[in-house]
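Beneath this line is the structure, given in structure tokens, with notes to follow.
All residue numbers refer to positions in the sequence shown, counting from 1.
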Amino acid sequence: MFYPKRYDVVVIGGGHAGCEASLIAARMGMKTLLITINLDSIGAMSCNPAIGGLAKGHLVKEVDMLGGEMARNIDETGLQFKILNKSKGPAVWSSRAQADMPAYRLRMKHIMEHQDNLDMKQATVDEILEENGKVVGVKTNIGNEYLCSAVVVTTGTFMKGKVFIGLNEYSAGRAWEPPSIKLSDSLRSLGLRIGRLKTGTTPRLDARTINFNALEPQFGDENPAPFSFKTENFNRPNIPCYLAYTNEKTHNIILSNLDQSPLYSGMVSSLGPRYCPSIEDKVVRFYDKPRHQIFLEPQDEGSTEIYADGLHTSLGYEVQLAFLRSIKGLEDVEIMRPGYAIDYDFVDPTQLKHSLETKKIHGLFLAGQINGTSGYEEAAAQGIIAGINAALYIQDRDPLILRRDEAYTGVLIDDLVTKGTKEPYRMFTSRAEYRLLLREDNTQLRLAKKAYDLSLIDKTDFERIEETEQKIEESVYKLKNTFVFPTAAFNQKLKELGTEIIKTKTDLAKLLRRVEIQYDTLKKLIPDLGELNSFIKQEVEIQIKYEGYFKLQYQQIEKFRKYESLIIPKNFDYNKVGGLSNEVRGKLMDIRPESIGQAMRMPGVTPAAVSLLLIYMKRDERKIKSSA
């Protein structure tokens, strides 16, 4: 059956990537269809009940600035909010919130059901339809064909997913939900390379059987900050998590039952996330550690279900119960849902452009775990970029490409399409070489212009952000051009504030660079300095205190952009470049980097190889000019 309504964009999958992709495409005026295996699971949090975290908070705020929903959704449904690394520098501050999982899912479903231009249907997509290298539609398991101009695939762990609990295994896209069996074969038939990855989750525990008095409560911030720049009158609860620890007995139970682990028995050979290992991996790899930390996190405000973060496992049910009951506070615990591992098909992301469109098939975009990532936030960031670019593709406009110096989302996508991944990719601040400029706090200032140019934010929001930016610049200028003098009275004030006296005429910016001085300190010295709101005050302090480091990063970015601007022609013949090793030539021909800068970041491409490329490109350019 050809469905009578034709769509601009079809999105496959209703997870975090699918939600953002379908919402933004619809908000950009595209007639959009979301097809998912279970409409009741739209926006579901398959694993941990939290949004944000180290580097992930940056992604959430970038999604928000590009017109996405994740930040607003967690602001409305969070149980506690906290800024991590607040005692360190602003480059690594990261927002994190505990989520009410059912509330999060239901609000996202509600938003999508009431979004103009967006239809939703429950079905399993078996086939991508293409003609002459272009997407023309999709076909479902019951034979329905939906015609469209672009497709965004966001299947999460559902493509040929297989769940493992001990030595038991069964096909599933997520525990107790059916997998997608035929779609990865369709992608393979289109010429895409398919691989296999693994991830896992933790047991869910019954709060009524936990002795919380024996555990350490962990609250959020007393004065929490929202994720979304649009959130006003923010007032959410502060429900605690609890800290527990494994011990020697726990470890012995796990070690003596490794033969029941699918990871160690050979049942699963695909690689899992290195930075979120199972408890089996932790105990084996870090044998000298006497204990491992566990966070017991509420899954929602009203139920008794507790998520045991730090205890990802695929051991058998009996073993899970035994090692859980060896932990202080969990001596009588009951499991409501066991932990499990799942392996699934993914697509090698080096087959994608930076727009997340496949290089082989025009109009086919991939986002989320299908590209080898892990995490809700990584999925949402890819989803919104894929959705935006699917809409721009249909409008025959240039894609939105975020560079590494512009956004964490740019780092994420560049890492995937340039380096690929052999294990589930997770974002870290250490992956961003310009992280001092890509802070959470300046997300609005970094991305507002791009968002406004694409009509992803409205004029009122854009003008408000522009006004804030102008106020910051004016305040910085004022501090650099307001001077104080080493009078006895002024130096006495400095002594009373616990800072060194000055000996010469000094501008206020120089004083503000002192560790012990903040803007409010200057206000005590110069009462008529001017009132600033908390955000502007924070930005002024950061810009002045870190000015020297910013200059260094800007110099690095200029060098970076020089190589990014050296575009490699699409049909560049690497066989003509003498001196390249077969290995390097093969990698360049496979990935086909878009610029010299991208080629430089490819694993195994040496500086010598880049030099040969540059020499040949210049020689080729001279030949073209002379023939003209």
Side-chain angles (χ1 to χ4, degrees), residues 9-22 25 34-37 41-44 46-47 59 124-128 130 135 138 150-162 171-174 177-199 270-273 342-361 363-387 389-390 409 412-413 415-417 419-427:
V9 179
V10 170
V11 177
I12 303 171
H16 302 283
C19 288
E20 299 297 351
S22 54
L34 172 74
I35 304 178
T36 188
I37 288 176
S41 296
I42 283 175
S46 309
C47 194
L59 295 173
T124 300
V125 174
D126 282 351
E127 187 178 353
I128 306 292
E130 64 88 24
V135 159
V138 301
V151 171
V152 183
V153 185
T154 68
T155 48
T157 60
F158 277 72
M159 289 203 308
K160 295 190 177 179
K162 191 174 287 187
S171 293
R174 184 163 46 208
E177 292 188 49
S180 169
I181 299 298
K182 295 183 179 180
L183 184 56
S184 60
D185 292 333
S186 175
L187 294 171
R188 188 179 278 109
S189 72
L190 295 175
L192 297 176
R193 291 189 304 277
I194 307 295
R196 199 88 173 148
L197 289 176
K198 176 192 76 70
T199 188
S270 50
L271 289 176
I342 181 168
D343 72 346
Y344 53 93
D345 281 356
F346 83 109
V347 174
D348 179 352
T350 61
Q351 300 168 100
L352 304 176
K353 304 174 186 177
H354 280 80
S355 63
L356 296 181
E357 183 185 21
T358 61
K359 295 173 183 176
K360 289 184 178 291
I361 306 296
L364 178 60
F365 297 80
L366 309 182
Q369 281 179 286
I370 191 173
N371 291 338
T373 58
S374 72
Y376 309 146
E377 303 81 6
E378 290 87 345
Q382 293 171 75
I384 201 156
I385 294 297
N389 285 329
T409 302
L412 164 67
I413 292 173
D415 278 354
L416 291 173
V417 303
K419 303 173 184 177
T421 187
K422 296 186 183 301
E423 62 186 45
Y425 177 103
R426 179 179 177 183
M427 179 52 70

Could you state the interatomic distance from CG (L192) to CD1 (I128), rounded to the nearest 0.5 Å?
-> 9.5 Å
Hey, is the main chain of P424 close enough, under 3.5 Å, to the side chain of T421 for a donor-acceptor pair?
-> no
Criterion salt bridge (Lys or Arg N to Asp or Glu O under 4.0 Å) against D343, the qualifying member of K198, K160, R196 = R196
Kindly give the heavy-atom pair with the smallest separation between A25 and G387, and that separation in Å.
-> CB-O, 4.1 Å
Which residue pairs pass the salt bridge (charged side-chain N to carboxylate O under 4.0 Å, His left out) test with at least one member in residues 10-21, sequence neighbours excluded?
-> none
Between atom CD1 of I35 and atom OG of S22, what is the distance when rounded to the nearest 0.5 Å?
-> 11.5 Å
Measure across V125 and S180 and return the closest heavy-atom pair with its distance rounded to 0.1 Å.
-> O-OG, 4.0 Å
Is there a side-chain contact between V153 and L364, using heavy atoms and a 4.5 Å cut-off?
-> yes
In this structure, CD of Q382 is separated from CG of L59 (nearest 0.5 Å) by 9.5 Å
Could I get the full list of salt bridge (charged side-chain N to carboxylate O under 4.0 Å, His left out) partners for E357, not counting sequence neighbours?
-> K353
Calculate, to the nearest 0.5 Å, the distance between atoms CD and CZ belonging to E377 and R426 respectively.
-> 9.0 Å
Rounding to 0.5 Å, atoms CD1 (I385) and CG (L412) come to a distance of 9.5 Å
Quick one: salt bridge (charged side-chain N to carboxylate O under 4.0 Å, His left out) partners of K419, sequence neighbours excluded?
-> D415
Nearest atoms (heavy-atom pairs only) where E130 meets L190 | CG-CD2, 3.3 Å
Taking only residues two or more places apart in sequence or in another chain, which ones pass salt bridge (charged side-chain N to carboxylate O under 4.0 Å, His left out) with E177?
-> R174
Is any side-chain heavy atom of L197 closer than 4.5 Å to a side-chain heavy atom of K422?
-> no
What residues, two or more places apart in sequence or in another chain, satisfy salt bridge (charged side-chain N to carboxylate O under 4.0 Å, His left out) together with R193?
-> D348, D590
Do H16 side-chain atoms and A44 backbone N/O form a donor-acceptor pair below 3.5 Å?
-> yes
Shortest non-hydrogen separation from T409 to A381 and the atoms involved = OG1-CB, 3.8 Å
Side-chain touch V138/E127, heavy atoms, less than 4.5 angstrom = no
Could you tell me whether a side-chain N or O of Y376 sits under 3.5 Å from a main-chain N or O of C47, the two making a donor and an acceptor?
-> yes
Taking ring-ring contact (aromatic ring centres under 6.0 Å, His included) as the test, write out the residues that go with F346, two or more places apart.
-> none
Okay, side chain of T373, backbone of E378: is any donor-acceptor separation there less than 3.5 Å?
-> no
Pairwise side-chain contact, Q351 with T358, heavy-atom cut-off 4.5 Å (strictly under) = no
Is any side-chain heavy atom of I37 closer than 4.5 Å to a side-chain heavy atom of F158?
-> yes
Contact check, side chains of V152 and V10, non-hydrogen atoms, under 4.5 Å | no
Worked verdict on L416 versus L352 for side chain to side chain contact (heavy atoms under 4.5 Å, CB included) | CA-CA 9 Å; L416 291 173; L352 304 176; over 6 Å; no
Are C19 and I42 close enough that some pair of their side-chain heavy atoms sits under 4.5 Å apart?
-> yes
What is the distance from atom CD1 of I12 to atom OG1 of T36, rounded to the nearest 0.5 Å?
-> 10.0 Å
Do S171 side-chain atoms and K162 backbone N/O form a donor-acceptor pair below 3.5 Å?
-> no
What pair of heavy atoms forms the shortest contact from Y344 to T157, and how long is it?
-> CB-O, 3.3 Å
Could you tell me whether D185 and K182 have a side-chain N and a carboxylate O separated by less than 4.0 Å?
-> no
What pair of heavy atoms forms the shortest contact from L366 to A386, and how long is it?
-> O-CB, 4.5 Å
Report yes or no: do N389 and S355 form a side-chain donor-acceptor pair below 3.5 Å?
-> no
Is any side-chain heavy atom of I370 closer than 4.5 Å to a side-chain heavy atom of T154?
-> no
